[in-house]
Asks: 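Attaching a single structure in structure tokens format; questions to follow.
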Protein chains: 2
Amino acid sequence: MDDVLALVRARGGRATVSRRVILEELFEAEDHLSAEALAEAVQAHAPDVHLSTVYRNLEDLQRLGIVVHTHLGHGPATYQLASLAHAHFICEGCGAAIEAPDELFRGLARMAKNRLGFSIDPRHFAILGRCADCV
Amino acid sequence: MDDVLALVRARGGRATVSRRVILEELFEAEDHLSAEALAEAVQAHAPDVHLSTVYRNLEDLQRLGIVVHTHLGHGPATYQLASLAHAHFICEGCGAAIEAPDELFRGLARMAKNRLGFSIDPRHFAILGRCADCV
DNA sequence: TCCTTGTTGCGAGTGATTCGCAAGTGATTG
DNA sequence: CAATCACTTGCGAATCACTCGCAACAAGGA
Ligand SMILES: [Mn+2]
Ligand SMILES: [Mn+2]
Ligand SMILES: [Zn+2]
Ligand SMILES: [Zn+2]
């Protein structure tokens with residue numbers, strides 16, 4: 001948190017109130033949040049932080065590598081600290097989101113690299129499918 | 001093509017001019033098309049087929065299992081015949097889209113099934129990463 | 001304290017898609 | 001062949017998730 005603000009300042013940025021509260025909520029959140037949900041959480045502490053300010057801060061924090069976003073489906077993107085990023089399986093039947101441990105992708109990563117020269121980063125878009133309950 | 005129209009009729013639908021031309025373009029297309037690109041192709045044959053008609057037909061054809069859509073990135077979805085669906089790797093550096101043969105996903109599919117009870121269908125969202133040229 | 005420059009609130013704009021509605025048209029019926 | 005009627009369409013407006021423009025504000029080094 002303080003390290004992040006130090007990095008922000010090192011890059012010529014300012015440690016504003018909005019920025020602080022947005023970061024606090026990101027550090028406290030246990031799962032990923034849409035920009036809108038984050039804005040609501042932020043507004044509980046700082047009522048007139050505007051949604052566009054949240055978007056702009058998320059943008060900046062992503063540029064700094066602090067935050068990443070993920071698409072879990074057709075809705076809004078979800079944001080979280082980069083250090084917590086992981087891949088997802090989403091059930092097309094019930095919408096359940098399952099966190100996919102990185103090691104599941106080892107084999108795919110190796111084959112994609114060897115056969116296509118491609119290095120995968122499977123965390124940006126979720127992988128759809130069906131959970132155990134939805135057959 | 002005729003089989004598809006037969007199926008449409010069997011489900012109570014009509015074989016309209018728009019529907020025919022949209023299907024023709026889908027059968028002729030060699031890669032996936034955005035709804036907008038498809039509308040343009042259609043309008044070359046039937047000038048006043050509206051973009052919203054294209055969206056509605058794609059929706060219906062997806063419900064019938066004839067068509068699927070895929071997200072290759074942040075832009076519009078792309079549509080194609082379900083029989084041609086495949087997974088994609090997209091380079092975050094240069095935007096290159098590489099078709100990913102289904103067998104690359106065998107191992108991941110098996111592990112997801114065994115360890116999480118989840119059956120993956122990796123064709124809906126692309127997998128991001130870096131191509132050989134973009135290191 | 002002043003000044004510079006990054007930031008913010010707010011509203012308007014954009015891209016992709018979806019909707020409402022009245023007019024139009026396939027297909028079944030008589 | 002009509003007549004009928006549910007399915008479709010064109011068109012514009014609405015929606016959702018962002019993104020931008022701009023004038024007012026406020027960090028933080030001088
Ligand atoms: Mn994204
Ligand atoms: Mn989709
Ligand atoms: Zn499920
Ligand atoms: Zn590349």
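Sequence lines set the chain letters: A, B, ... in the order given, protein chains first and strands last, and positions in each chain run from 1. The analysis underlying the following values was restricted to heavy atoms, covering all of them including side chains, and did not include hydrogens, waters or symmetry mates.
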Asks: Can you measure A:L61 atom CG to C:dT7 atom C1' for me and round it to whole angstrom units?
Replies: 13 Å

Asks: Indicate every side-chain donor-acceptor pair of residues 121-135 of chain B with a distance under 3.5 Å to a residue at least two apart or in another chain.
Replies:
| from | atom 1 | to | atom 2 | distance (Å) |
| --- | --- | --- | --- | --- |
| B:D121 | OD1 | B:R123 | N | 3.4 |
| B:D121 | OD1 | B:R123 | NE | 3.4 |
| B:R123 | NH1 | B:D102 | OD2 | 3.2 |
| B:H124 | NE2 | A:H74 | NE2 | 3.2 |
| B:H124 | NE2 | B:H69 | NE2 | 3.2 |
| B:H124 | NE2 | B:H71 | NE2 | 3.2 |

Asks: Surrounding CD of A:E36 (heavy atoms of other residues, nucleotides or ligands, distance under 6.0 Å), is the total greater than 12?
Replies: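 It does not: A:E36 CD has 12 such atoms or fewer within range.
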
Asks: Report the distance from atom CZ of B:R63 to atom C1' of C:dT18, rounded to the nearest whole Å.
Replies: 12 Å

Asks: Just by modelled atom types, is the A:D31 backbone N or O under 3.5 Å from a matching donor or acceptor in the A:Q80 side chain?
Replies: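 A pair under 3.5 Å: no.
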
Asks: Measure CD/B:E59 against C1'/C:dT18 and give the value in whole Å, please.
Replies: 9 Å

Asks: Checking A:E25 against A:H45 for the side-chain hydrogen bond (donor to acceptor under 3.5 Å, both in side chains) test, could you report, in this order, the C-alpha distance in whole Å, the side-chain angles of both residues, the deciding distance, and whether it holds?
Replies: CA-CA 10 Å; A:E25 292 304 324; A:H45 296 83; 3.1 Å; yes

Asks: Taking CD from B:E36 and C1' from C:dG15, how many angstroms apart are they, rounded to a whole number?
Replies: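 About 9 Å, once rounded to whole Å.
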
Asks: Specify whether A:H86 and A:H32 have parallel, tilted or perpendicular ring planes, treating 30° as the upper limit for parallel and 60° as the lower limit for perpendicular.
Replies: tilted

Asks: Do any N or O atoms from the side chain of B:R9 and from the backbone of B:A15 form a donor-acceptor pair under 3.5 angstrom?
Replies: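 No.
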
Asks: Counting any heavy atom closer than 4.0 Å, what does A:A35 reach on the DNA or RNA strands: base, sugar-phosphate only, or nothing?
Replies: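 It contacts nothing in the nucleic acid.
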
Asks: What's the NE2-C1' distance between A:H71 and C:dA16, to the nearest Å?
Replies: 14 Å

Asks: Between protein and nucleotides 6-12 of chain D, map the contacts as a letter string: B base, S sugar-phosphate only, - none, heavy atoms under 4.0 Å, written 5' to 3'.
Replies: BSSBBBB

Asks: Counting just side-chain N and O atoms, does A:Y55 come under 4.0 Å of either OP1 or OP2 of D:dC18?
Replies: yes

Asks: Report the distance from atom CZ of A:R11 to atom P of D:dG28, rounded to the nearest whole Å.
Replies: 17 Å

Asks: Between B:R20 and B:H74, which is nearer to the 5' end of DNA chain C once each is assigned its nearest nucleotide?
Replies: B:H74

Asks: Taking atom CD as the centre, does A:E103 end up with more than 12 heavy-atom neighbours from other residues, nucleotides or ligands that are less than 6.0 angstrom away?
Replies: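 Enclosed: over 12 neighbouring heavy atoms sit under 6.0 Å from CD of A:E103.
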
Asks: How many whole angstroms separate atom OH of A:Y79 from atom C1' of D:dA17?
Replies: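 Rounding to the nearest Å, OH of A:Y79 and C1' of D:dA17 are 9 Å apart.
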
Asks: Can you check the A:H69 NE2 to D:dC18 C1' distance for me, whole Å?
Replies: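 Going from NE2 in A:H69 over to C1' in D:dC18 covers 11 Å.
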
